[in-house]
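Convention: sequence-line order gives letters A, B, ...; per-chain numbering from 1. Note that the coordinates shown come from a computational prediction; the quantities given were computed from them, not determined experimentally.
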Amino acid sequence: MPKSDPEKGEKVLRNRIQKAVEDAYKQGVVEGVLPDVSLPASHQVVPTKQEVHGDFASNLAMITASEAKRSPRELAGCLAKILEPNPIFHKVDVAGPGFLNFFVTTTWWQENLCTIWEAGDSYGESGAGNGRLVQVEFVSANPTGPLHVGHGRGAAVGDSLARVLKAAGFSVEREYYINDIGNQMRTLGASVYLRYLEYFGQEVEFPKEYYQGDYIRDIASGIASGEGDKYLDMTQESCLTFFIDTAVKIIASDIRKDLEEFGVRYDNWFSEKTLHESGLVDRTISELQDKGYMFEEQGALWFRATALGDEKDRVVKRSNGVLTYFASDIAYHRHKLERGYDLLVDIWGADHHGYVARVKAAIKALSYKEDKLQVLLVQLVNLLEGGKIKAMSTRAGEFVTLREVLDDVGSDAARFIFLTRRCDSHLDFDLDLARSQSQENPVYYVQYAHARLSSVFRNAGEQEISLAEPQDIDVSLLNTSEDIKLLKQLDVFPRLVADAALALEPYRVSYYLTELAGQLHGYYTRHRFITDDPDLTQARLLLADVTRRVFRKGLGLLGVSAPEKMCKRSQGTASALLSDT
RNA sequence: GCCCCCGUAGCUCAGGGGAUAGAGCACAGGAUUCCUAAUCCUGGUGUCGCAUGUUCGAAUCAUGCCGGGGGCACCA
């Protein structure tokens, strides 16, 4: 058994093939069989989509054809002849309009398994991010009520993205921005105050625009039982701060608990209030004033966003002297930028897309490059039940909370489903599907693959079979088409993670895992891992071990558990979600 | 009206210059002496919204149009 070769891995293989093709062209020129043209930079060696096209394809013949004044197929034929003897190929084909198709030897894939094994639990990680420091800010829901399902999607996307970035060699921090100041807070405090009065039997008129949810009553009665009736004698104005602070504290801590139950932990909880208290908001505004990015009109102070790519100028301070939230946002992003991150990722609801241009304008005004900030807009979630959309009215406290969904379908199913779509596409979250303990539920499909492999090792343990050192294993026994397909799919993993990180698209991981699970299940029904032949058993256990690790790692990137056994959870009650109808 | 996103199989969606456009669900049939059948196998469907253009090549890029959603407040 040859030792593993550090020169292996999918990326290396591709680069090697690309170089081989280009060298072959030069050799052809020297030998006089190919016309002397400059090799275009657009030459690419790419993985193929179909098996019949081999493992990789080159488009060199097609893109040089017009300059070379020869037919692509003819050029490809010459190249193929030169490349054919290369030992990493067992075949080089000319196909279609002039593609070169490369079939890598099975030996390469088999030996590559040892390379993967040696990477251990770090397999899938890479240095694609070069240690660059990224901050991901997500959810950041106002602490005026519990999180709803839409926030859940943002949480799943943000957290998983952070995990993927970390695996791809970025340093990552997660941040939650708490809007704990401003008009909404006054409304929140006043809402609690009125419920507090009600608690003590006072007749109050509860305005429509106040927060209607029952949780407001809970907070009020909590205050009543903890602090008694001492606020009854005070004016609303004099005790409002207390009600605001208490309500925010309770709601924020509930939000935090919900998120933790969802597997999301933050490095920083950043308070908007502190931006004002430290004077950063005022300081930033006056600096932008000095730079000429501010002007006054009709008594208000405006940020000249149109000078920097936005369609409108934006108010920073209203004529009544009150700062807008945008003023805080400018200061907040400045604060983030000054903390030295190489990249800021903001994850917002799609309804905030009008905000992107103005915040980017602010970043430019602060003399930073606008691409320091990447905004991901997460589209709305439609909750489906019984094939119908459950309408969510944000007003009047009628919404399905994240907690209800978690209690109903569990964190794993919820996270997986949130991560099966690109974030800019609308997501139909089918509760019946998420709840179902069987076939249709995509999360179990992947988890079951992991559980099956775990079960194989449990059985091996019972038979006192343990995995030998890979160098003592004959990997050439992994020679069925299912073996080779699995080996190839495993090989793709690190590149997939790196690409997902660079594209800021964590959902790619769930696609990959679903595909890998399909291959594993197919393998499982056709072949046994534990066989009568000890050598074959060792080879297959090595494959099983590596595959299992990829599942564990991949599920970890989604924040989904990788169970050793599948066990039915107690059926959640559907009625819990219908309480608002 | 202006801006952003979307339009691909009956449904939900991948693919985002490359070859005969894919997967899941749904529908029908089949598979279990053997590591978990929450699994596997077989069966077919497409005007890639429409139209021009860019080129060796367009579902993919550009422009226009049609349709759906969202955004365009001294709101957040």
Side-chain angles (χ1 to χ4, degrees), chain A residues 42 44 46 48-50 52-53 57-59 61-66 71-72 95-99 101 142 144 179 182-184 187 297-302 310-312 314-326 328-329 349-357 377 379-380 382 384 387 420-430 433 436-449 451-460 462-463 465 503 507-508 510-511 514-515 517-518 520-532 537 540-541 544 565-568:
Chain A
S42 57
Q44 278 182 333
V46 293
T48 58
K49 286 180 182 165
Q50 292 177 47
V52 293
H53 297 139
S58 160
N59 60 355
M62 287 177 293
I63 55 179
T64 48
S66 60
S71 88
F99 285 103
N101 289 336
N142 293 341
T144 54
N179 295 102
N183 238 327
Q184 291 199 357
T187 308
E297 197 174 287
Q298 296 177 332
L301 187 65
W302 298 69
D310 197 3
E311 3 172 296
K312 285 182 181 170
R314 308 292 176 178
V315 172
V316 163
K317 188 188 270 183
R318 287 180 264 170
S319 54
N320 63 9
V322 176
L323 291 166
T324 62
Y325 278 81
F326 181 48
S328 306
D329 288 335
D351 54 338
H352 286 67
H353 99 256
Y355 247 59
V356 178
L377 298 172
Q379 273 293 354
L380 299 178
N382 289 320
L384 296 180
T420 50
R421 302 259 181 285
R422 324 169 17 158
C423 65
D424 57 6
S425 95
H426 293 263
L427 174 65
D428 286 333
F429 191 112
D430 188 330
L433 195 73
S436 76
Q437 308 270 310
S438 62
Q439 288 146 300
E440 315 94 79
N441 197 331
V443 67
Y444 295 123
Y445 189 75
V446 178
Q447 286 184 320
Y448 183 44
R452 275 186 144 175
L453 291 167
S454 301
S455 159
V456 167
F457 282 97
R458 272 197 302 277
N459 276 282
E462 280 166 23
Q463 298 173 42
I465 300 167
Y507 78 92
R508 293 188 191 192
S510 70
Y511 264 85
T514 303
E515 215 164 289
L520 188 274
H521 288 311
Y523 193 100
Y524 190 95
T525 45
R526 282 189 204 87
H527 308 291
R528 293 186 56 79
F529 287 94
I530 300 168
T531 68
D532 298 333
T537 301
R540 290 193 173 164
L541 284 181
K565 289 182 182 175
M566 299 304 280
C567 46
K568 303 247 182 200

Please check: side-chain N/O of Thr48(A) versus main-chain N/O of Ala57(A), any donor-acceptor pairing under 3.5 Å?
no

Students often get this wrong, so: under 4.0 angstrom with heavy atoms, is Lys565(A) touching a base, only sugar-phosphate, or nothing?
base

Please tabulate the protein-to-nucleotide N/O contacts below 3.5 Å involving nucleotides 19-21 of chain B, giving atom names and distances.
residue: A19(B); atom: N6; partner: Asn101(A); partner atom: OD1; Å: 3.1
residue: A19(B); atom: N1; partner: Asn101(A); partner atom: OD1; Å: 2.9
residue: A19(B); atom: N1; partner: Asn101(A); partner atom: ND2; Å: 3.1

Closest nucleotide of RNA chain B for Gln184(A) versus for Gly522(A): which of these residues is on the 5' side?
Gly522(A)

Are the side chains of Arg422(A) and Tyr507(A) in contact, using a 4.5 Å heavy-atom criterion?
yes

Integer-rounded Å distance: U39(B) P and Gln447(A) CD:
12 Å

When you measure from the side chain of His521(A) to the backbone N and O of Tyr445(A), does any donor-acceptor pair fall under 3.5 Å?
yes

Are any non-hydrogen side-chain atoms of Val456(A) and Leu541(A) less than 4.5 angstrom apart?
yes

Could you tell me whether Arg528(A) contacts a base, only the sugar-phosphate backbone, or nothing, with contacts defined as non-hydrogen atoms closer than 4.0 Å?
base

Judged by atom type as modelled, is there a donor-acceptor pair below 3.5 Å linking the side chain of Asn59(A) to the main-chain atoms of Gln44(A)?
yes

Of the options C35(B), C74(B), C40(B), whose atoms approach the side-chain atoms of Val315(A) most closely?
C74(B)

Looking across every strand, which nucleic acid part, if any, lies under 4.0 Å from Phe326(A) by heavy atom: base, sugar-phosphate, or nothing?
nothing

Mark yes or no for whether Arg540(A), through its side chain, and Arg528(A), through its backbone, hold a donor-acceptor pair below 3.5 Å.
yes

Is RNA chain B part of any stem, that is, at least 3 consecutive Watson-Crick or G-U pairs with both distances under 3.5 Å, and where?
B:1-7 with B:66-72, B:10-13 with B:22-25, B:27-31 with B:39-43, B:49-53 with B:61-65

Between C1' on C74(B) and NZ on Lys317(A), what's the gap in Å once rounded to a whole number?
13 Å

Separation of the P atoms in U60(B) and A21(B), to the nearest angstrom:
15 Å

Between Tyr355(A) and G70(B), does any side-chain N or O lie under 4.0 Å from OP1 or OP2?
no

Expressed as a whole number of angstroms, how long is the span from Lys312(A):NZ to G71(B):P?
13 Å

Closest to the Met62(A) side chain, choosing from G18(B), A76(B), C74(B)
G18(B)

Within the structure shown, what part of the strands sits under 4.0 Å from Gln463(A) by heavy-atom distance: base, sugar-phosphate, or nothing?
nothing

Here the distance between atom C1' of A73(B) and atom CZ of Arg314(A), to the nearest Å, is 10 Å

Heavy atoms from other residues, nucleotides or ligands near CG of Asn320(A) exceed 12 (cutoff 6.0 Å):
yes

Can you tell me how far apart CG (Leu453(A)) and CZ (Arg458(A)) are? Round to the nearest 0.5 Å.
10.5 Å

Considering only G71(B), U39(B), C35(B), which nucleotide approaches the side chain of Asp351(A) most closely?
G71(B)

Just call it for Ala300(A): base, sugar-phosphate, or nothing, with non-hydrogen atoms closer than 4.0 Å on any strand.
base

Within 45° cone of Phe326(A) ring axis and under 6.0 Å: Arg314(A) NZ or CZ
no

Distance, P atom - from U39(B) to G16(B), rounded to whole angstrom
28 Å

Could you grab the distance from atom CG of Leu427(A) to atom CG of Asp430(A), nearest 0.5 Å is fine?
10.5 Å

Base, sugar-phosphate, or nothing: which does Ile63(A) touch, judged by heavy atoms less than 4.0 Å apart?
base

When the distance from CG of Leu433(A) to P of A26(B) is rounded to whole Å, what number comes out?
9 Å

What pairs of nitrogen or oxygen atoms, one from the protein and one from nucleotides 4-14 of chain B, lie under 3.5 Å apart?
residue: C5(B); atom: O2'; partner: Asp424(A); partner atom: O; Å: 3.4
residue: U12(B); atom: O3'; partner: Asp428(A); partner atom: OD2; Å: 3.4
residue: U12(B); atom: O2'; partner: Arg421(A); partner atom: NH2; Å: 2.4
residue: C13(B); atom: OP1; partner: His426(A); partner atom: O; Å: 2.8
residue: C13(B); atom: O5'; partner: Arg421(A); partner atom: NE; Å: 3.3
residue: C13(B); atom: O2'; partner: Tyr511(A); partner atom: OH; Å: 2.9
residue: A14(B); atom: OP1; partner: Arg422(A); partner atom: N; Å: 3.3
residue: A14(B); atom: OP1; partner: Ser425(A); partner atom: OG; Å: 3.4
residue: A14(B); atom: O4'; partner: Tyr511(A); partner atom: OH; Å: 3.3

Could you give the distance separating A28(B) and A37(B) at their P atoms, to the nearest angstrom?
24 Å

Nearest-nucleotide check on RNA chain B, Gly354(A) vs Asn142(A); residue mapping nearer the 5' end is Gly354(A)

Gap in Å between the two P atoms, one belonging to G22(B) and one to G46(B), rounded
12 Å

For His527(A) and C41(B), what is the distance between atoms NE2 and C1' respectively, to the nearest whole Å?
14 Å

Rounded at 0.5 Å granularity, tell me how far OG1 in Thr144(A) sits from CD in Gln184(A).
5.5 Å

Please confirm whether the shortest side-chain N or O distance from Arg318(A) to OP1 or OP2 of A76(B) is below 4.0 Å.
yes

Spatial distance of atom CG (Asp424(A)) from atom NE2 (His353(A)) [nearest 0.5 Å]:
12.5 Å

If you measure from the C1' atom in G70(B) to the same atom in G57(B), how many Å do you get, rounded?
36 Å

For nucleotides G49(B) and U8(B), find the distance between their P atoms and express it as a whole number of Å.
6 Å

Separation of C35(B) P from Leu453(A) CG (nearest whole Å):
15 Å

Can you tell me the distance, in whole Å, between the OH atom of Tyr444(A) and the C1' atom of C25(B)?
17 Å

Are Phe529(A) and Tyr523(A) an aromatic pair, judged by ring center distance below 6.0 Å?
yes

Hey, is the main chain of Ile530(A) close enough, under 3.5 Å, to the side chain of Thr537(A) for a donor-acceptor pair?
no

Counting only side-chain heavy atoms from C-beta out, which of C35(B), C74(B), U39(B) sits nearest to His521(A)?
U39(B)

Gap in Å between the two P atoms, one belonging to G17(B) and one to A58(B), rounded
14 Å

P-based separation of A51(B) from C56(B) [nearest Å]
24 Å

